[in-house]
Amino acid sequence: MELLFAVLGGVICGAVAHLVLPWHSTRGQLLGPVVGGITAAVLWEVLTWAGWRYDATWIWVVALVGAGAVALAAEWLLGRRRTAADVAYYEAAKARGARTV
């Protein structure tokens with residue numbers, strides 16, 4: 001049951017990461033929640049295998065902060081990469097003689 005709550009917390013952290021960063025239109029709306037949920041699940045399982053107790057505070061802190069950090073990093077990197085690729089494509093199309101609107 002705790003794993004379910006950890007994944008839900010990771011999904012919420014990922015959704016917040018999607019909302020606080022720019023480039024909303026350059027990436028999918030579910031990228032942050034999916035990355036956050038998967039990261040929280042993986043971190044939770046690794047920490048429980050390492051012997052951390054379910055009712056301890058630090059397992060929650062590490063799982064949720066880690067999920068938020070990974071979701072922020074993924075959204076930041078993919079947003080910047082997509083924007084740079086769009087600019088490069090536009091410049092290449094303009095150089096080939098495509099008309100701009």
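Cluster annotation: I38 is not connected to L43 through the hydrophobic network of ILVMFWY side chains, with a link wherever side-chain heavy atoms come within less than 4.5 Å. Residue M1 is grouped with residue L47 when hydrophobic side chains (ILVMFWY) are merged at heavy-atom distances under 4.5 angstrom, including chains of intermediate members. A chain of hydrophobic side-chain contacts below 4.5 Å, direct or via other Ile, Leu, Val, Met, Phe, Trp or Tyr residues, connects V61 to L4. Hydrophobic clustering places V65 together with F5 (ILVMFWY residues linked when any side-chain heavy atoms are closer than 4.5 Å, directly or through intermediates). Linking Ile, Leu, Val, Met, Phe, Trp and Tyr whenever their side-chain heavy atoms come within less than 4.5 Å leaves V35 and V46 in two separate clusters.
Counting only residues at least two apart or on different chains, the side chain to side chain donor-acceptor pair (under 3.5 Å) pairs with a member in residues 49-73 are R53-D55.
Within a 6.0 Å radius of CD in Q29, no more than 12 heavy atoms belonging to other residues, nucleotides or ligands are found.
In this structure, CD1 in I59 is found 10.0 Å from CG in L64, a value given to the nearest 0.5 Å. For the atom pair T48 OG1 and L3 CG, the distance stands at 8.0 Å (nearest 0.5 Å).
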Donor-acceptor pairs under 3.5 Å, side chain of residues 77-85 to any protein atom, not counting sequence neighbours: which ones?
from, atom 1, to, atom 2, distance (Å)
R82, NE, D86, OD1, 3.2
R82, NE, D86, OD2, 3.4
T83, OG1, G79, O, 2.9

I'd like a table of donor-acceptor pairs (distance under 3.5 Å, sequence neighbours excluded) in which one partner is a side-chain atom from residues 6-24, with atom names and distances.
from, atom 1, to, atom 2, distance (Å)
H18, ND1, E75, OE1, 3.4
H24, ND1, H18, O, 3.1
H24, NE2, L21, O, 3.2

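Residues A67 and G36 approach most closely at CB-O, 3.3 Å, considering heavy atoms.
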